[in-house]
Q: 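There's a structure below that I have some questions on.
Position 1 is the first residue of the sequence, and the numbers go up from there.
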Amino acid sequence: MSLDRLQMTDELAAYVTAHAGGRDEALLRVEAENAELGSLAQMQTSPDQAALLELLAGATRAHRAIEVGTFTGYGAIRIARGLGADGSLLCCELDADRAAAARRNLDAAGVGDRVEIRVGPALDTIRSLPAEPLFDLAYLDADKSGYPAYYDELVPRLAPDGLLAIDNVLLGGRVLDPPDGDDGAHAVAELNDRIPHDDRVDSVMLGMADGLTLVRRR
């Protein structure tokens, strides 16, 4: 064990991706299609992080889950697989075209029957749900300026011991000194500082990909 941090080179990142288990034909096809989207491809959850989400869903025996920001469904496929046949996943996606792509990918992966996709502002969707413990697992990967509001709406809707995974909490390092005018970096940095002092939860920030915080509802 070491306190030293490993510098993640492109070669090591590719090595980690190659060793993410469960990347079957359906997931590899989504990866290939997303790679054709140019700069938008970075919106896909990384393969290793998506594998972790599936593992967490299975390990915690999660039954109901919510994903805020679905893109083309890569992470949703893995969450749905972790939930098992009797589980359900609610996906919130603002863009109708991306939601349609996610639906095709989820169906092709054999998990479409477990997933509902709601198109529109995610805050409206979440606030339309009862303000009571509903979800065993939540995954937040949407517009960064909205992170504090999403957090405030999601935590009360987590079941006891429910997990919230928050993506992009490092924002390429911009959270260290958020630039003027970068509302997303300011919002994420504010939330990062707030979470460790929230007495409703336990949390850990992981340095994988662009940063992932795991929050457990007490």
Q: Measuring only between side-chain heavy atoms, which start at C-beta, is P121 closer than 4.5 Å to L94?
A: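 With C-beta onward as the side chain, the pair touches.
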Q: Do I77 and L83 share a hydrophobic cluster (ILVMFWY, side-chain heavy atoms under 4.5 Å, transitive)?
A: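 Same cluster: I77 reaches L83 through Ile, Leu, Val, Met, Phe, Trp or Tyr contacts under 4.5 Å.
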Q: Roughly how far, to the nearest 0.5 Å, is the CD atom of Q49 from the CG atom of L206?
A: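 These two atoms lie 8.5 Å from each other.
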Q: In the structure I gave you, are the side-chain heavy atoms of T17 and S46 within less than 4.5 Å of one another anywhere?
A: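 They are not in side-chain contact.
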Q: Above 12 or not: heavy atoms from other molecules or residues under 6.0 Å from CD of E132?
A: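 Above 12, so yes.
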Q: What's the shortest heavy-atom distance between V175 and P178, and which atoms?
A: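 Here V175 and P178 meet closest at O-CD, 3.6 Å.
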Q: Using 0.5 Å steps for rounding, measure from the CG atom of L170 to the CG atom of L176.
A: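 Here the interatomic distance stands at 8.0 Å.
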Q: If every non-hydrogen atom of P148 is compared with every non-hydrogen atom of K144, which pair is closest and at what distance?
A: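 Answer, listing the atom of P148 first, then K144: CD-O, 4.3 Å.
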Q: Under a 3.5 Å distance rule, please check whether N34 uses its side chain to pair with a backbone N or O of A41 as donor and acceptor.
A: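 Between the backbone of A41 and the side chain of N34 there is no qualifying donor-acceptor contact (under 3.5 Å).
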Q: Dump the intermediate steps for side-chain contact (heavy atoms from CB on, under 4.5 Å) on L164 and Y151, then the final yes or no.
A: CA-CA 9 Å; L164 165 60; Y151 180 85; 3.7 Å; yes
Q: Is the shortest side-chain heavy-atom distance between L129 and L90 below 4.5 Å?
A: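 Counting from C-beta outward, L129 and L90 do come under 4.5 Å.
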Q: Going from CD1 on I66 to CZ on F135, what distance comes out if it is rounded to the nearest 0.5 angstrom?
A: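 Nearest 0.5 Å value for the CD1-CZ distance: 4.0 Å.
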Q: Looking just at side-chain N and O atoms, do Y139 and D167 make a donor-acceptor pair shorter than 3.5 Å?
A: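 Short answer, yes.
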Q: Do the non-hydrogen side-chain atoms of D124 and R118 ever get within less than 4.5 Å of each other?
A: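 A side-chain contact is absent here, since even the closest heavy-atom pair is not under 4.5 Å.
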Q: Should L163 and V201 be regarded as members of a common hydrophobic cluster, given that ILVMFWY residues are connected when their side-chain heavy atoms come within less than 4.5 Å of each other, either directly or indirectly?
A: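 No.
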Q: Taking M205 as the starting point, is it possible to reach L171 by hopping between hydrophobic residues whose side chains are less than 4.5 Å apart?
A: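 The answer is yes; both residues are in one hydrophobic cluster.
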Q: Counting distance only, does the side-chain N/O of H186 pair as donor-acceptor with the main-chain N or O of P179 below 3.5 Å?
A: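 Yes; judged by distance alone, with no hydrogens or angles, the pair exists.
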Q: Can any side-chain N or O of D136 pair as donor or acceptor with the backbone N or O of T60 at less than 3.5 Å?
A: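 No: the side chain of D136 does not pair with the backbone of T60.
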Q: Got a donor-acceptor contact below 3.5 angstrom from the R157 side chain to the I126 backbone?
A: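 Between the backbone of I126 and the side chain of R157 there is a qualifying donor-acceptor contact (under 3.5 Å).
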Q: May I ask you to decide if R217's main-chain N or O and R200's side chain share a donor-acceptor pair within less than 3.5 Å?
A: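 Side chain of R200 to backbone of R217, a donor-acceptor pair under 3.5 Å: no, none is there.
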Q: Looking only at non-hydrogen atoms, find the nearest pair between A102 and G73 and report the distance.
A: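 For A102 and G73, the tightest heavy-atom pair comes out as CB-N, 3.7 Å.
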Q: Which residue, E67, E54, E31, forms the salt bridge (charged side-chain N to carboxylate O under 4.0 Å, His left out) with R78?
A: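 By the salt bridge (charged side-chain N to carboxylate O under 4.0 Å, His left out) criterion, R78 pairs with just one of E67, E54, E31: E54.
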Q: Does the pair E33/R29 count as a salt bridge with the N-to-O cut at 4.0 Å?
A: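 Looking at R29 together with E33, the answer is yes, because their closest N to O distance falls below 4.0 Å.
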Q: How far does CG of D141 sit from CD1 of I166, to the nearest 0.5 angstrom?
A: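 Answer rounded to 0.5 Å: 11.0 Å.
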Q: If every non-hydrogen atom of G112 is compared with every non-hydrogen atom of D107, which pair is closest and at what distance?
A: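 Heavy atoms only, the tightest pair is CA-OD1, 3.2 Å.
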Q: Please name the pair of heavy atoms, one in S128 and one in T125, separated by the smallest distance, quoted to 0.1 Å.
A: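 Residues S128 and T125, closest heavy atoms: OG-O, 2.5 Å.
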Q: Can any side-chain N or O of R218 pair as donor or acceptor with the backbone N or O of D199 at less than 3.5 Å?
A: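 Here the side-chain-to-backbone pair exists.
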Q: For A138 and L158, which heavy atoms make the closest approach, and how far apart are they?
A: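 Looking at all heavy atoms of both residues, the shortest contact is CB-CD2, 4.1 Å.
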Q: Can you check whether L37 reaches F71 side chain to side chain, under 4.5 Å on heavy atoms?
A: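 Of all side-chain heavy-atom pairs linking F71 with L37, at least one is under 4.5 Å.
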Q: How long is the span from the CG atom in L40 to the OG1 atom in T72, to the nearest 0.5 Å?
A: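 Separation between the atoms: 10.0 Å.
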Q: Are L56 and L214 close enough, and set up right, to give a side-chain contact (heavy atoms from CB on, under 4.5 Å), and what steps lead you there?
A: CA-CA 10 Å; L56 289 173; L214 298 179; 4.0 Å; yes
Q: Keeping the roles fixed (side chain from D210, backbone from G172), state whether a donor-acceptor pair exists under 3.5 Å.
A: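 Pair found, side chain donor or acceptor close to backbone of G172.
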Q: Judged by atom type as modelled, is there a donor-acceptor pair below 3.5 Å linking the side chain of N105 to the main-chain atoms of A101?
A: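 At least one qualifying donor-acceptor pair exists.
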Q: Hey, what's the ring geometry for H19 with Y15, parallel, tilted or perpendicular (30° and 60° as the breaks)?
A: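 Judged by the thresholds at 30° and 60°, the geometry between H19 and Y15 is tilted.
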Q: Treating Ile, Leu, Val, Met, Phe, Trp and Tyr as nodes and any side-chain heavy-atom pair under 4.5 angstrom as an edge, say whether V215 and L53 lie in one connected cluster.
A: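 No; L53 is not reachable from V215 via cluster members.
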Q: So do L106 and Y74 actually touch side chain to side chain, heavy atoms under 4.5 Å?
A: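 Side chain of Y74 against side chain of L106, heavy atoms only: no contact under 4.5 Å found.
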Q: If you round to the nearest 0.5 Å, how far is CD1 of I79 from CZ of R114?
A: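 Between R114 CZ and I79 CD1, I get 13.0 Å after rounding to 0.5 Å.
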Q: Could D152 and R194 be called an ion pair, given the rule that one side-chain N must be under 4.0 Å from one carboxylate O?
A: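 Counted as a salt bridge, because a side-chain N and a carboxylate O are separated by less than 4.0 Å.
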Q: Got R81 and L27 here, is their nearest side-chain heavy-atom distance under 4.5 Å?
A: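 When only atoms from C-beta onward are counted, L27 and R81 do touch, with a gap below 4.5 Å.
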Q: Look at the side chain of R216 and the backbone N and O of V204, then say whether any donor-acceptor pair between them is shorter than 3.5 Å.
A: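 Side chain of R216 to backbone of V204, a donor-acceptor pair under 3.5 Å: no, none is there.
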Q: Count I, L, V, M, F, W, Y as connected when their side-chain heavy atoms are under 4.5 Å apart, and connections chain through other members. Are M43 and V188 then in the same cluster?
A: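 The answer is no; the residues belong to distinct hydrophobic clusters.
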Q: Report yes if the side chains of D86 and H63 come closer than 4.5 Å at any heavy-atom pair, otherwise no.
A: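 In contact.
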